Structure formats: C-alpha cells, structure tokens
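The sequence lines fix the lettering, A, B, ..., with proteins before strands; numbering per chain opens at 1. Since the structure is predicted, the reported quantities are computational estimates derived from the model, not experimental observations. Below, each value reflects all heavy atoms present in this structure, side chains not excepted, and no hydrogens, waters or symmetry copies.
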Amino acid sequence: MARRRPDSPAAAGPREQPLAPSESDLARRAILDTVARIPSGRVATYSQIAWLAGYPGRARLVGRVLGGLLEAGANTPWHRVINAAGQISLPTFSEAHREQKRRLRAEGVVFANERVSLRRYGWQAGGGESPLID
DNA sequence: AAACTGACGTGAT
DNA sequence: CATCACGCCAGTT
C-alpha cells in the first residue's frame, strides 16, 4: 500500500521540506526507544527512563508520552514503567491500572500491598546482571 | 495570556 | 505514613 509518493515532483506542493522532526518528536522517540529496552519481568521508574532517554528530570514527560500509547495501542511495554514509590501511577480504579498490574503479574512481577519492590524487579538494580534475585 | 492539570520526584514537616 | 511545597513542563481551558 503505497500511501504516499516519496518524490512527487512539483505536484505535491510548493515547499517539500524534509520536515525536521520537532524536539517533542525526538523526545518521544528516545523515550519509547528506552522503554522498549526494559526486559520482561523488570520495571523502571519514570525518572529513570527520562534520564536514560536523555531528558533528566523530565519524568512527567515520560508519563505524557506513555499516555499517548493507551489509545494508539503500540507494542511498547509501557506497563513496565512505574513511579519511584514502586506503585502504578495510573488512577487506582481505572481499567488501565488493572491492565498494567495484570501484565506485570503475567511477567512474574509480584505486588506486595499494591507495591513492587524496585530492589528486586528494578531494571539494572539489585544485582546488575542477575536475572532475578528472588 | 494566565490558570489549570497531570502515568513524576524529592525533601521537609 | 500523610501532607505540603516545589521543581519541571507540555498540552488544555
């Protein structure tokens, strides 16, 4: 399905600029790319992702970007991102919240009193390379 | 344009 | 553990 001609001569329009990706697009890409690297069965915090993606101190930005995934369903493991307290940040009684918990549990992540131990399941924490400390 | 609103985090009380 | 105050900042009102 060729939905667009990469090089339609002058028929397309006056200015055919490369359309430089906006800063927000670059950020979104970097963030999603980083989230995609979180191993199954592990979790990462918003601030951690922000930092690794090159936007230290921008935890909220990560949340904003991930929020866009809910509707536009993507294959990004957004459920592996939680807050610094080890809790799911989505509204407690929301469908999305339950979905996130469901997915994490399916990967073996254990919840204790609505919280996840970052020590044990945190990405690149607890023991470096060790799969899981148990 | 100003105010409000968050899938946040951290430090102080 | 619960609140509050900030710092941060993009999208909505």
Protein-nucleotide distance (A:Q48, atom CD; B:dG9, atom P), rounded to Å: 10 Å
Atom C1', compared across B:dA1 and C:dT12: separation rounded to whole Å: 14 Å
Closest to side chain of A:L66, choosing from B:dG9, B:dA7, C:dA10: B:dA7
pair A:R80-A:P39: side-chain heavy atoms closer than 4.5 Å: no
pair A:Y121-A:I82: side-chain heavy atoms closer than 4.5 Å: no
Atom-to-atom span, CZ of A:R60 to C1' of B:dC4 - whole angstrom: 12 Å
Separation of atom CZ in A:R98 from atom P in B:dA7, rounded to whole Å: 18 Å
A:R58 side-chain N/O to C:dG7 phosphate OP1/OP2 under 4.0 Å: no
Close side-chain approach of A:R64 to A:R60, heavy-atom, < 4.5 Å: no
Nearest-Å distance for atom pair CD/C1', residues A:E23 and C:dA10: 12 Å
Separation of B:dC8 P from A:L90 CG (nearest whole Å): 8 Å
Sugar-phosphate only, base, or nothing, as touched by A:R64 at under 4.0 Å among non-hydrogen atoms: base
Nearest-Å distance for atom pair CD1/P, residues A:I31 and C:dC9: 13 Å
Heavy-atom closest pair, residues A:W123 and A:A44: CE3-CB, 4.1 Å
Residue from A:K101, A:R102, A:E95, A:Q100 passing side chain to side chain contact (heavy atoms under 4.5 Å, CB included) with A:R98: A:E95
Whole-Å distance separating the CZ atom of A:R103 from the P atom of B:dA7: 18 Å
Side chain of A:R115 - closest among C:dC8, B:dA7, C:dC1: C:dC1
Same-atom distance (P) from B:dA7 to C:dC6, integer angstrom: 22 Å
A:A84 side chain, from C-beta outward: closest of B:dA7, B:dG9, C:dG11: B:dG9
Options B:dA7, B:dG9, C:dG11, nucleotide nearest the side-chain atoms of A:S47: B:dG9
Gap between atoms CG and C1', on A:L69 and B:dA7 respectively (whole Å): 11 Å
